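See below for the structure under consideration.
Bear in mind the structure is a predicted one, so any value in this text is a computation, not a measurement.
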Amino acid sequence: MGGQDGFSRNVLKYNETSNSLLAGVKIHPSKRWDLGLNVTYTASEGGLDPFELPADDYVAITPTTSYDFSLTNTYSNIDVDRLNADAMLKYKVTDDLWLRLWYQIADFSDNDPYLYDTTGTVQWATITAGWSF
């Protein structure tokens with residue numbers, strides 16, 4: 001398809017993939033203890049196809065530019081992975097009173113940063129007590 005200046009249109013495609021793996025287990029080793037572990041891993045990639053500026057007639061009548069467009073398609077690349085894990089330990093002191101320790105970690109990797117690197121890890125632990133009445 002030609003434009004009024006004689007250059008043609010090049011429809012670009014954005015390709016993306018995302019894969020996740022999840023696993024979890026919860027066991028009751030005794031009447032008073034509960035143990036749990038959950039793990040999630042996700043990897044995602046995305047990017048724009050390289051493109052050309054096929055405008056021979058336009059280039060012939062227009063001065064060249066000093067801007068290099070050859071890497072423009074890489075400005076929207078995504079290449080990240082994330083690991084989330086949590087562990088839980090619960091102890092029933094009595095039938096009505098329990099204590100729980102919960103630990104979580106999230107590790108994020110930005111494998112193709114453009115403006116800034118968002119790689120990082122966060123972790124936290126929570127201790128709770130419960131009473132049923």
Any chance OH of Y75 has more than 12 other-residue heavy atoms, nucleotides or ligands included, within less than 6.0 Å? yes
When you look at CD1 of I127, are more than 12 heavy atoms from neighbouring residues, nucleotides or ligands closer to it than 6.0 Å? no
Distance in Å, Q104 CD paired with T126 OG1, rounded so as to fall on 0.5 Å steps: 6.5 Å
Between atom OG of S132 and atom CG of L97, what is the distance when rounded to the nearest 0.5 Å? 9.0 Å
So which heavy atom on [X] is nearest to which on [Y], and how close?
{"X": "G47", "Y": "N77", "answer": "CA-OD1, 3.4 Å"}
{"X": "L99", "Y": "A129", "answer": "CD2-CB, 3.7 Å"}
{"X": "P29", "Y": "L35", "answer": "CG-CD1, 3.9 Å"}
{"X": "N73", "Y": "L48", "answer": "ND2-O, 3.4 Å"}

Checking T72 now: which residues fulfil side-chain hydrogen bond (donor to acceptor under 3.5 Å, both in side chains) with it, not counting sequence neighbours? none
Under 3.5 Å, sequence neighbours excluded: what are the donor-acceptor pairs made by side chains of residues 85-92?
residue, atom, partner, partner atom, Å
D86, OD1, N38, ND2, 3.2

How about T42 and S20: does a side-chain donor come under 3.5 Å of a side-chain acceptor? yes
Side chains of T118 and D110: is there a donor and an acceptor less than 3.5 Å apart? yes
Is it the case that one hydrophobic cluster holds both W98 and F133, taking links as side-chain heavy atoms less than 4.5 Å apart, direct or via other members? no
Using the rule that Ile, Leu, Val, Met, Phe, Trp and Tyr join whenever any side-chain heavy atoms are under 4.5 Å apart, tell me whether V93 and W102 fall into a single cluster. no
Under the criterion side chain to side chain donor-acceptor pair (under 3.5 Å), I'd like the reasoning laid out for D117 against T119: C-alpha separation, chi angles, the key distance, then a yes or no. CA-CA 6 Å; D117 191 355; T119 298; 2.7 Å; yes
Is any side-chain heavy atom of D49 less than 4.5 Å from a side-chain heavy atom of N15? yes
Residue of the set T40, L21, V39 for which side chain to side chain contact (heavy atoms under 4.5 Å, CB included) holds with L83: V39
Hydrophobic side-chain clustering at under 4.5 Å (ILVMFWY, transitive links): who's grouped with Y103? Put none if nobody. I105
Ignoring hydrogens and geometry, is there a side-chain-to-backbone donor-acceptor pair from T94 to D96 under 3.5 Å? yes
